Amino acid sequence: MNSTRLLQPPAALQAALGELLGDAQLVAASLPGTHLKLWLIDPANMQRAFNPEETRRILEEPPYWCFCWASGLVLARWLAEQPEWVRGKRVLDFGSGSGVAAIAAAKAGALEVVACDLDPLALAACRANAELNDVQLSYSADFFAEADRFDLIIVADVLYDRANLPLLDQFLSRGQQALVADSRVRDFQHPQYQRIGLLDACTWPDLAEPAEFRLVSLYHASRDGVTAVPTGTNHS
Ligand SMILES: C[S@@+](CC[C@H](N)C(=O)[O-])C[C@H]1O[C@@H](n2cnc3c(N)ncnc32)[C@H](O)[C@@H]1O
């Protein structure tokens, strides 16, 4: 592998970020509590106020892919500590963003991992980050075009938009099981989902979000109704 090339931010992603925030840089950041690196926005770029035009652009097309969201970080740590969740399995990461959970699943020994995101820039980020971490992923822009062939659907911080809640039913239409981590929604009631953990993490780089967003709930659902053994609360 060419280490010099690895230090250069992927040109298309850097250009896309530059269109949003002229001075923003992508850097290869180490994720705390993991062995993973991702191309993420340089935290130095978050230390100034954004002008109204920049704010409008960010809100219109949020560059989710240049952050590792708290739930993605939780799933990455969870899968590294408990690789049996994915080892030898076919896994789809729904709303993959940077690809953090997909890459963690591949590192933990999954047979196949599909990174799925409707944002083409997110899929480009997944490709760049897979290369950075030396893993192979497959890619999908449309979850509903996928066949019902997965052992596990993993989902990190996708329920921020409550319009996505009906997706909880859909995950089990493509996978035998689902593992859903969310820092925004921790009160949903769904007959097939059971909360199996409550873990500390923050979005990276740290957005200094309110404390409530630094607690990630982890839910498990199984098509056959068998629930994973609860592991309780783990503050790391
Ligand atoms: C907050 S980001 C989380 C990214 C990543 N999972 C993490 O934890 O860092 C949410 C991601 O979900 C994607 N997303 C939202 N709705 C989706 C849908 N219906 N199908 C696929 N991806 C979706 C967005 O494009 C975005 O990349």
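Please read these numbers as outputs of a predicted model, since none were measured by experiment. All heavy atoms count here, side chains included; hydrogens, waters and symmetry mates do not. Order of listing sets the numbers, starting from 1, for every ligand and every atom in it.
- Near Gly72, the atoms of ligand 1 lying under 4.0 angstrom from a non-hydrogen atom of the residue are 8 (O).
- Taking every non-hydrogen atom of Val100 and a distance limit under 4.0 Å, the qualifying atoms of ligand 1 come out as 7 (C), 9 (O).
- The aromatic rings of Trp85 and His220 lie perpendicular to each other, with more than 60° between the two planes, well past the 30° mark.
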Discussion item. Pair Glu60, Arg57 - check salt bridge (charged side-chain N to carboxylate O under 4.0 Å, His left out), show working.
Written reply: CA-CA 5 Å; Glu60 241 170 48; Arg57 286 197 297 257; over 6 Å; no
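- Using cut-offs of 30° and 60° on the angle between ring planes, the pair Phe67 and Trp69 is tilted.
- Looking at Asp93 next to ligand 1, no N or O pair under 3.5 Å apart turns up.
- Looking at Ala122 next to ligand 1, no N or O pair under 3.5 Å apart turns up.
- Checking Asp157 against Ser183 by side-chain atom types alone, a donor-acceptor pair falls below 3.5 Å.
- Within the listing of ligand 1, atoms 17 (C), 18 (C), 19 (N), 20 (N), 21 (C), 22 (N), 23 (C), 25 (O) sit less than 4.0 angstrom from a heavy atom of Leu118.
- The two residues Cys66 and Leu26 have their closest heavy-atom pair at CB-CD2, 4.0 Å.
- Classification of the Tyr64-Tyr160 ring pair by plane angle, with boundaries at 30° and 60°, yields tilted.
- Using a 4.5 Å cut-off between side-chain heavy atoms of Ile, Leu, Val, Met, Phe, Trp and Tyr, with links allowed through other members, Leu111 and Phe94 fall into different hydrophobic clusters.
- Using a 4.5 Å cut-off on side-chain heavy atoms (C-beta onward), Gln25 and Ile41 make no contact.
- Applying the 4.0 Å criterion to heavy atoms of Trp69 picks out, from ligand 1, the atoms 1 (C), 2 (S), 3 (C), 4 (C), 7 (C), 8 (O), 9 (O).
- When non-hydrogen atoms are compared, ligand 1 lies under 4.0 Å from the side chain of Tyr160 (C-beta onward) but not from its backbone.
- For Trp65, the closest heavy-atom approach to ligand 1 does not fall below 4.0 Å.
- Counting protein heavy atoms only, atom 12 (O) of ligand 1 is closest to Gly95 CA, 3.3 Å.
- Phe213 and Trp204 fall into different hydrophobic clusters, defined by Ile, Leu, Val, Met, Phe, Trp and Tyr side-chain heavy atoms under 4.5 Å apart, directly or through other members.
- Atom numbering of ligand 1 starts at 1 in the shown order; those under 4.0 Å from a heavy atom of Asp157 are 1 (C), 2 (S), 3 (C), 10 (C).
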Discussion item. Salt bridge (charged side-chain N to carboxylate O under 4.0 Å, His left out), that's the test. Do Glu112 and Arg90 meet it? Break it down for me.
Written reply: CA-CA 5 Å; Glu112 178 193 1; Arg90 296 186 193 281; 2.9 Å; yes
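- Of all the heavy atoms of Val155, none lies under 4.0 Å from any atom of ligand 1, so neither backbone nor side chain is involved.
- Heavy atoms of Tyr64 found under 4.0 angstrom from ligand 1 belong exclusively to the side chain.
- Polar contact check, Cys116 against ligand 1: no nitrogen or oxygen pair lies under 3.5 Å apart.
- Summary of contacts: the protein heavy atom closest to atom 16 (N) of ligand 1 is Asn164 ND2, 3.8 Å.
- Using a 4.0 Å cut-off to heavy atoms of Gly97, the atoms of ligand 1 that qualify are 4 (C), 27 (O).
- Heavy-atom proximity to Val158, at under 4.0 Å, picks out these atoms of ligand 1: 12 (O).
- Using a 4.0 Å heavy-atom cutoff, Ser96 is listed among the residues neighbouring ligand 1.
- The protein heavy atom nearest to atom 27 (O) of ligand 1 is Asp117 OD2, 2.6 Å.
- Contacts between Phe94 and ligand 1 below 4.0 angstrom, taking non-hydrogen atoms only, involve the side chain exclusively.
- Of the N and O atoms on the side chains of Asp169 and His190, at least one donor lies less than 3.5 Å from an acceptor on the other residue.
- Using a 3.5 Å distance cut-off with no hydrogens or angles, the side chains of Thr203 and Glu209 do pair a donor with an acceptor.
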